[in-house]
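Below, chain A is the first sequence line, B the second, and so on; all start at residue 1. All figures in this text were calculated on a predicted structure; none of them were measured in a lab.
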Amino acid sequence: MLRDRELAAMPAQSGVRVAGASVLLPELGILGPMDLDSTGESVELDFKERLGRKGLRYNTTATILAMAAVTELLEDTAAGEGCGLVAASAYGNYSAVCAVAEQLTEGGVNRVSPMDLPNASSNILASQIAIRFGVKGVCLTLDDGLHSGRSVLRWASRLLASGRCERVIAVTAECPSEYEQLLRGGRPLITGAAALLLERSDDGDLLAAAEDPLPEWAADLELASLSGMLQAVRTSVAVPL
Amino acid sequence: MAEKVLSHRTDDVVNVSAGPRIVGQGAVTSVGDTLPECFENLLAGHSGLTPIADSAAQMFHARNFYEMPGGIESPEYGRAGALLCTAIAQAVSDAGLDGIPAGVPVLVGTGLGESRTAELAWINQEQVGAEYLTLTEAVRREFAVEDVTTISNACAASLYALAMAVDLIDAGEAEMVVVAGVDIISTSMFGLLDRVHPEPPEQLTPFDAGRKGVLMGEGAAAVIISREPGEGVVINSVAMGCDAFHVTAPDPVSMAACMRQAHGGAGVTPDDVDLIVAHGTGTILNDQAEGEALSTLWASGASAPSPAVAALKGATGHTSGGSGLFSLLVAAESLRRGIIPPILGLETPDDAVVGLDLVTAPRVLPAGRVAQVNAFGFGGLNAVAIISREPQC
């Protein structure tokens, strides 16, 4: 996680200032915004320590990764008044949707667990983050498939520009599963989450930063909703921009 | 037969704020294939409730839902996207356009998106490809447009999409925006809702004391809004909020705050509102919380008498992400035509709504100017829109 002090040298972007950034790509050994240039050994994260037992119960892995990234971003403090949330996970809840559909087909309603109900709704990730961090402003979940990361940045910028929000948490997360792999095919899906704390500013271009190149390791993976987010995080921490 | 004539407001002048105008609209639900057909059938008290076909019924305790023809038995991928594009095409045609003009953004609200496609593909063990798993790509393919965003905000989604569309126009980023909402029944969501019902509802009965819960419905709604001045119904404000309280238990205080925020944005007071189209899902929790929220602004003890309160889900089922925009189109039609459709399935009002003027038979609304539309969603999402006829601009 990087906060205002470390990011002070960076120019404002597209009416938006990056006030904080966090990245967790555990399987690539990348655990912070400064680590994005190269990969390391896979790391097993202790989510119980990061989120507490209650943070893990009945949540999907994508939701847990996103909560951990936002915890790093906010240092487990509340979001506060005027804070909005824009989130996405292209494939985060397909496991729950497909597994429940299979259980119903095989054994009917008595086979399914009511605890899966929240995970069948695709805004579960944003909902859990809003509750955990007290986001009472605008709470948007976007589903633009592989373009979701750039959509998150674009609409976060607009929420700030319109005055709907004073700050916006932008967060996306993905986790591979047998379900998404069968349904979409293609390169293996990345495991991880990225989060940015965005504030209003006068000029600059956050969306251009989302188009910056990533290191070679990214070419082997489907970044899905992390595409654009990782570039924006990496550019944000480069000094000078 | 029309109920009593309602005119609770004494003055005829409401200085509502300006806003974009509705220039095209479309809808398809289990009660009609077009918006005029839906409206006529709502007025006539027709219901889209259908028995669940035998092949699917064996999975569920519930015996009925509000599906479109084909519905849950359809083997087709991309059914949600197809329904969405039907409603958008109607709105495009209604606006007198040949297609969606270049550069016009499209915002889609949905709760479940193409979840049903994912379920079918998984059961069939077939690859459908990433581009068939999001509604955004369905709209891009059908209308050859680029600027499409899908907002996946549960049952508040299409009003959230409308709010973002109004912001685009206010910011001068767009002259015109297409906003749409859609949901079809997925087996996972229907089955999980069925699992948590103590007793399966035979039908959806909004605000009824004996309500047993929600039954899903299928439908899509679309609207084209434009900043160009003219006659018609205007979107004065859309407020968005989040309870940050509980994923499935709504908070009446946050709901009421969202209503006040919408009134503030539109420059109206509770006394100016002639019609409310409530969310009214027939669940114990929503209808109690929404009833309490409405009662803090309008029922006994509040400063303003209750306007007419309608709710549509007794006829259409809960059309999830599309329901907010469908409610808004029906509210707009009620303002234009001066008549409000009844709440189907409501026999004994719940204690939480006793002070509210619920519409239980078609109601004439001779001088209706301002309507409020509610949509609340899973995860504590609240959205409230204020619309009006004859803008003061």
Side chain, backbone, both or neither: which part of A:Glu178 has a heavy atom under 4.5 Å from chain B? both

Counting heavy-atom pairs under 4.5 Å to chain A, which of B:Val108, B:Thr134, B:Asp170 comes out on top? B:Thr134

Assert top hit (heavy-atom pairs under 4.5 Å, partner chain B, pool A:Gly185, A:Ser151, A:Cys139) equals A:Cys139

Let me know if A:Leu85 has heavy atoms under 4.5 Å from chain B in its side chain, its backbone, both or neither. neither

Which answer fits B:Tyr160, side chain, backbone, both or neither, if we ask what part of it has an atom under 4.5 Å from a heavy atom of chain A? side chain

Tell me, out of A:Gly108, A:Ala101, A:Ala96, who's got the most heavy-atom pairs with chain B below 4.5 Å. A:Ala101

Residue that, paired with A:Leu221, satisfies side-chain contact (heavy atoms from CB on, under 4.5 Å) out of A:Leu226, A:Leu28, A:Thr191, A:Leu214: A:Leu28

Taking all atoms of both residues into account, what is the closest heavy-atom pair of A:Val233 and A:Ala194, and its distance? CG2-CB, 4.5 Å

If you count heavy-atom pairs within less than 4.5 Å of chain B, which of A:Leu183, A:Leu104, A:Leu117 leads? A:Leu183

Side chains of A:Asp143 and B:Thr136: closer than 4.5 Å at any heavy-atom pair? no

Region of B:Ala171 that comes under 4.5 Å of a non-hydrogen atom in chain A: neither

Strictly below 4.0 Å, N to O, side chains only: are A:Arg167 and A:Glu199 in salt-bridge contact? no

When the 4.5 angstrom heavy-atom criterion is applied to A:Ser148 and chain B, the contacting part is neither

Among B:Thr149, B:Val128, B:Ile123, the residue with the most heavy-atom pairs under 4.5 Å to chain A is B:Thr149

For chain A, find which of B:Asp167, B:Leu168, B:Leu381 contributes the most heavy-atom pairs closer than 4.5 angstrom. B:Asp167

Do any N or O atoms from the side chain of B:Ser323 and from the backbone of B:Ser320 form a donor-acceptor pair under 3.5 angstrom? yes

May I ask you to decide whether B:Arg79 forms a salt bridge with B:Glu218, counting only side-chain N to carboxylate O separations under 4.0 Å? yes

Is the number of heavy atoms from other residues, nucleotides or ligands under 6.0 Å of A:Glu102 CD greater than 12? yes

Region of A:Thr105 that comes under 4.5 Å of a non-hydrogen atom in chain B: both

Side chain, backbone, both or neither: which part of A:Val112 has a heavy atom under 4.5 Å from chain B? both

Salt-bridge test for A:Lys136 and B:Asp251: reply yes if a basic N is under 4.0 Å from a carboxylate O, no otherwise. no

Counting heavy-atom pairs under 4.5 Å with chain A, the top scorer among B:Gly129, B:Ala121, B:Gly379 is B:Gly129

A:Glu174 side-chain N/O to A:Ala90 backbone N/O, donor-acceptor pair under 3.5 Å: yes

Contact winner vs chain A - B:Glu126, B:Glu137, B:Arg116, heavy-atom pairs under 4.5 Å: B:Glu126

Where the side chain of B:Asp194 meets the backbone of B:His61, is there a donor-acceptor pair that is under 3.5 Å apart? yes

Give a yes or no on whether the backbone of B:Ser55 and the side-chain of B:Gln58 come within a donor-acceptor separation of less than 3.5 Å. yes

Can we say A:Arg50 and A:Glu72 salt-bridge, meaning some charged N sits less than 4.0 Å from an Asp/Glu carboxylate O? yes

Only pairs of heavy atoms separated by less than 4.5 Å count here; which of A:Leu142, A:Ile131, A:Val100, A:Asn110 has the most with chain B? A:Ile131

Of the backbone (N, CA, C, O) and the side chain (C-beta and beyond), which part of B:Ala163 lies under 4.5 Å from a heavy atom of chain A, both, or neither? both

Is chain B contacted by the side chain of A:Tyr94, its backbone, both, or neither, given a heavy-atom distance below 4.5 Å? side chain

Which atoms of B:Asn124 approach chain A - backbone, side chain, both or neither, heavy atom under 4.5 Å: neither

In terms of heavy-atom pairs under 4.5 Å with chain B, the winner among A:Glu106, A:Arg154, A:Gln181 is A:Arg154

Highest number of heavy-atom pairs under 4.5 Å with chain B: which of A:Gly145, A:Ser162, A:Cys98, A:Ala120? A:Cys98

So, A:Ser227 side chain and A:Gly149 main chain: donor-acceptor pair closer than 3.5 Å or not? no

